[in-house]
Amino acid sequence: MIRNECMAVVAQAEIARNIFELTLKGGLVSEIGKPGRFVHIRTSDGFDPLLRRPVSISSVDEEAGTMTLIYRAEGKGTALLSRKSAGETVDVLGPLGNGFPAEAAKAGSRALIVGGGIGVPPLYGLSEKLKAAGVEPVHVLGFQSADVAFYEEQFGELGETHLATVDGSAGTKGFVTDVIRSLPGEFDVYYSCGPLPMLTAVSSEMEGTEGYLSFEERMGCGIGACFACVCRTDSNEKGYVKVCSDGPVFRDGVVKL
Amino acid sequence: MIRNECMAVVAQAEIARNIFELTLKGGLVSEIGKPGRFVHIRTSDGFDPLLRRPVSISSVDEEAGTMTLIYRAEGKGTALLSRKSAGETVDVLGPLGNGFPAEAAKAGSRALIVGGGIGVPPLYGLSEKLKAAGVEPVHVLGFQSADVAFYEEQFGELGETHLATVDGSAGTKGFVTDVIRSLPGEFDVYYSCGPLPMLTAVSSEMEGTEGYLSFEERMGCGIGACFACVCRTDSNEKGYVKVCSDGPVFRDGVVKL
Amino acid sequence: MNRLQVELPGLTLKNPIMPASGCFGFGKEYAQLYDLSLLGAIMVKATTLEARYGNPTPRVAETPSGMLNAIGLQNPGLEKVVTEELPWLERYDVPIIANVAGSETEDYVAVCERISKAPNVRAIELNISCPNVKCGGITFGTDPAIAKELTEAVKAVSTVPVYVKLSPNVTDVTAIARAVEEGGADGLTLINTLVGMRFDPRTGRPVIANGTGGLSGPAVKPVALRMVYEVTKAVSIPVIGMGGIAEVDDVIDFMSAGASAVAVGTANFVDHFVCPKLIDALPARLDELGIGNITELTGRSHRL
Amino acid sequence: MNRLQVELPGLTLKNPIMPASGCFGFGKEYAQLYDLSLLGAIMVKATTLEARYGNPTPRVAETPSGMLNAIGLQNPGLEKVVTEELPWLERYDVPIIANVAGSETEDYVAVCERISKAPNVRAIELNISCPNVKCGGITFGTDPAIAKELTEAVKAVSTVPVYVKLSPNVTDVTAIARAVEEGGADGLTLINTLVGMRFDPRTGRPVIANGTGGLSGPAVKPVALRMVYEVTKAVSIPVIGMGGIAEVDDVIDFMSAGASAVAVGTANFVDHFVCPKLIDALPARLDELGIGNITELTGRSHRL
Ligand SMILES: Cc1cc2nc3c(=O)[nH]c(=O)nc-3n(C[C@H](O)[C@H](O)[C@H](O)COP(=O)(O)OP(=O)(O)OC[C@H]3O[C@@H](n4cnc5c(N)ncnc54)[C@H](O)[C@@H]3O)c2cc1C
Ligand SMILES: Cc1cc2nc3c(=O)[nH]c(=O)nc-3n(C[C@H](O)[C@H](O)[C@H](O)COP(=O)(O)OP(=O)(O)OC[C@H]3O[C@@H](n4cnc5c(N)ncnc54)[C@H](O)[C@@H]3O)c2cc1C
Ligand SMILES: Cc1cc2nc3c(=O)[nH]c(=O)nc-3n(C[C@H](O)[C@H](O)[C@H](O)COP(=O)(O)O)c2cc1C
Ligand SMILES: Cc1cc2nc3c(=O)[nH]c(=O)nc-3n(C[C@H](O)[C@H](O)[C@H](O)COP(=O)(O)O)c2cc1C
Ligand code: FES
Ligand code: FES
């Protein structure tokens, strides 16, 4: 069930340049279930900024009743969010959308996980789920540069982890696809989240393998009512899917790239 | 000189229901001089609320480099201001306007000070000045009810202090003019700040005595450039005065009531 | 008597609060959040004769206290609306106002004729703010004569009252209002969005793929209130007011300005529970204002 | 060469930033805060033939990300402006754009003839958004033919270039723009304020004593950008853009939309140092965008 809750800030920290890790506590956490879903956050009490901001759920601690978000403070809304500290509350609507099907990877198989920039966060919760289900996750994480890279260690604890940075300041110099090409062995399924050009490149690189991609689109309502976030598809007779309610994760091939 | 400064919040406390006392520190304090001047405060970083809020300077501690404001948290802007706490900063433009002429009362004379509601604050700094100059201040403070009354004790330390509340929950039941009528003796000068109906009543009650009244008007710029805050007058050939830059304090009779 | 009840042509509203067209789809999504029977009415998404995909994305952009949208009337088309969307809504005890759009008079007429017969459709909201290719770029909503003709054509076939939705992008909104009143409109709804743009400072390109978009949200409230005020002075048919409503005092203000009921658009994206919250908050606010029935508010400012 | 310099008819601007008319008086107050010679130009308060007291107060009201004003053209009248206000400004090295208002063509002509001869007045800004009693409530700014005639009359007497300030409260702003271009206008400035209202929920009365007021500030920026874009596509005379500018990227956006320079109004009340701050911030922002001279920005969006 979708809830609207003023969640308590448990902790917030800047884990890389302008990248914040925010842990929130509240009843909504019990509704999350799948990795890869998102929440829609109101960042001010007034009308400027007006719209909510969609942010993926990075990971969930069901016992503690908390979830962790990782986001880049860029524009007005995320800058405001980054100023919240423990003890304050955040107005959260969620959980929204459909997440990654962790069950698509069978126990004992290998799954490739490809993240780019602020597309990395939801893959962490996914990888945790995969690992727990006996899948071997292999991570390829792409960032602009070392100073905005994050969670290499955390992913490393779950499995093999490769970094790529555009400027070569950490890991391989280049794109995630450069790394993917160099990886030995086969993957039964892949999962990816990141900017559209990256998704397109990953999708063509991984052609023939079952894949799931998480998309971003400008949103209004976040629940499927306003038609702001549609993408064209050939996979249904309507000719479109909504990123917010049908996605943000779609099987490779569903969204016309 | 008028400055625009991000002043440090030294302390903020709710001293009566929805009435906040805010102490700010900064270089601007050294420019204040007279009591009864005001500052223009930006209450949000965004555009909603947009306009600055005019708030009188209640008192100044030149040694500490601080000034104290007292205001009612009512609408959007003042509500935001009331959430600031020690360590944060407030965007202040000031000091603005012309204050009360404390020098109008000679040493050894008696001055009547009449405040209503959130018109009370600037009279405190005035009374301090008068007392220091050897004037005997007599205070009449009017409030709606006891729970929104403030500073009775502080004024009491400076001189005779009478309270009036509309509902009779503290002091005399009724209006400040009811108290004024009951006061024995004469006054050489009076000073007043409060809602317009109160100023009008006080002005007619005190007819014949030299008086100074502090006015409120909706403001745009706060510095005399936009003509938002004009009042009609017969005292100059232009036919108007601006509350922000010619006032907010005017000699009785200047502003057409 | 229910003090929030409002009677309008074709509509008995439990309360004057309804979601605005395009901000609430056909109700299914918000039905996950609360009971739609709480609402005064529902203005459903614009319906056109044929299904429309709408404009390319980005379709929305945020602006100070507002947003731009250029959805482009995406909808499944008359047939699907009548056979799937509207029947689904019958489970709720709430009158439906069907927003109808088109590019030709014939489209409007065809949609209105059929949709007005749906059992839960109690009124039509004629969306005349869409570019009319036929008239060489002039829109139905900016020319009084064309607006009147369209109203007449639709009135001739509709079996329920017709409310005409006015565009704010005009020199004199009262001229259009009077024209459609003469054309037989049973009521008016206003305002639709103001045409606006936003640019990407890095590239200089418009942010909305369509170039321009419709501005809505609290930013436009002052314009909306002024138009509701002007229009309700100029005509005698009732007005449903909208444009930036987000708080209970906005409802009070629109009704003071002359509206008989109000619609809430953009605010549904900011606070998904805003409609039931407004409905909840009204009685206490009426008490504070010393108002018995909410209908007493309508046009208060004209009587002062 | 100064990369911020902009050449316009009658005006050599050190930079494209100037305070908008009515938000900066005749400069004296802001001169307490910073050196006015920093500014690209100054658009001074509207001048009318006779002194005007203006409207009763309250004259301003806040709205979401905006404000309403109904100052009512308060000003000391032509004589005082020419003998006192403008000479005082001569101490600064800054071109003055004289905003001229009136209710009759004759008033406008008389003011323009005289004020255009003031040594520091380099251009006139013809404010045609004021109700024209003569034309039975139609305003100069909403009827293309009347706007054109007025422009011609003023051009005939003015010794400096004439910029016409357009009202956004029209169905088709390009029609007015083309008409005044035909009438001989040397440039255009836009937008003036959108007509709006705010109510007091307790009483139901309008908050602004005048009833309606003009909406300005960031809330109107999307409408202003759209109109600058449309108008610069429709005419070939330069446009000074305004409406909600508060940040350096707003300057970029107005110029991308087609403006040659910009004016800053309401933001002067929010950040009294906004104009010099924008001027300071421009070079670094141009560097980030890879732009050499600021003039390269003008109309960028049309060339994409
Ligand atoms: C399903 C989904 C999940 C996301 N998960 C994350 C995440 O885990 N971490 C993270 O850092 N970012 C994530 N994003 C991107 C994030 O929503 C934007 O970075 C954020 O909205 C920008 O807001 P702002 O206030 O910084 O920028 P502003 O420039 O002030 O935003 C203006 C408007 O544009 C919208 N917007 C701007 N960028 C984007 C974008 N990339 N996608 C969608 N809308 C955008 C904003 O929501 C807002 O409405 C996600 C986006 C989507 C759609
Ligand atoms: C010279 C001067 C000195 C003042 N000193 C004090 C003081 O010491 N303590 C105090 O509590 N209040 C004082 N006020 C009143 C104070 O400015 C308003 O209470 C405050 O602006 C309300 O803002 P808000 O955000 O609460 O209300 P909102 O309703 O959000 O305000 C909306 C708009 O109306 C304006 N406004 C609302 N009420 C007033 C008012 N009474 N006078 C002028 N503008 C108003 C606001 O500034 C804002 O622009 C003073 C006003 C003036 C003009
Ligand atoms: C995303 C979005 C889609 C809209 N779609 C429609 C529509 O299909 N038909 C219509 O008449 N109005 C449509 N509107 C306009 C609203 O119904 C309403 O008139 C306008 O947004 C002003 O109200 P608001 O400020 O409360 O949003 C839409 C508005 C938005 C924001
Ligand atoms: C208080 C105030 C007074 C104004 N007075 C005038 C005026 O005298 N003449 C004029 O042409 N425009 C006047 N305007 C309009 C501004 O010049 C400008 O066109 C408008 O406010 C939009 O810009 P902004 O959003 O930056 O304020 C005034 C605006 C404000 C806010
Ligand atoms: S954001 Fe509204 S439909 Fe997806
Ligand atoms: S507030 Fe602008 S002149 Fe007084």
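Everything numeric in this text was worked out from a predicted model, so none of it was measured.
- Taking the ring-ring contact (aromatic ring centres under 6.0 Å, His included) definition, one finds that Tyr212(A) meets it with Tyr191(A), sequence neighbours left out.
- Of residues 73-89 of chain A, those residues lying under 4.5 Å from chain B by any heavy-atom pair are Lys76(A), Arg83(A).
- Of residues 8-22 of chain A, no residue lies under 4.5 Å from chain B by any heavy-atom pair.
- More than 12 heavy atoms of other residues, nucleotides or ligands shown are found within 6.0 angstrom of CZ on Phe250(B).
- No more than 12 heavy-atom neighbours from other residues, nucleotides or ligands sit within 6.0 angstrom of CZ on Phe175(B).
- Close approach to chain A, defined as a heavy atom under 4.5 Å from one of its heavy atoms, is seen in Asp45(B), Gly46(B), Phe47(B), Asp48(B) of residues 38-53 of chain B, taken by number.
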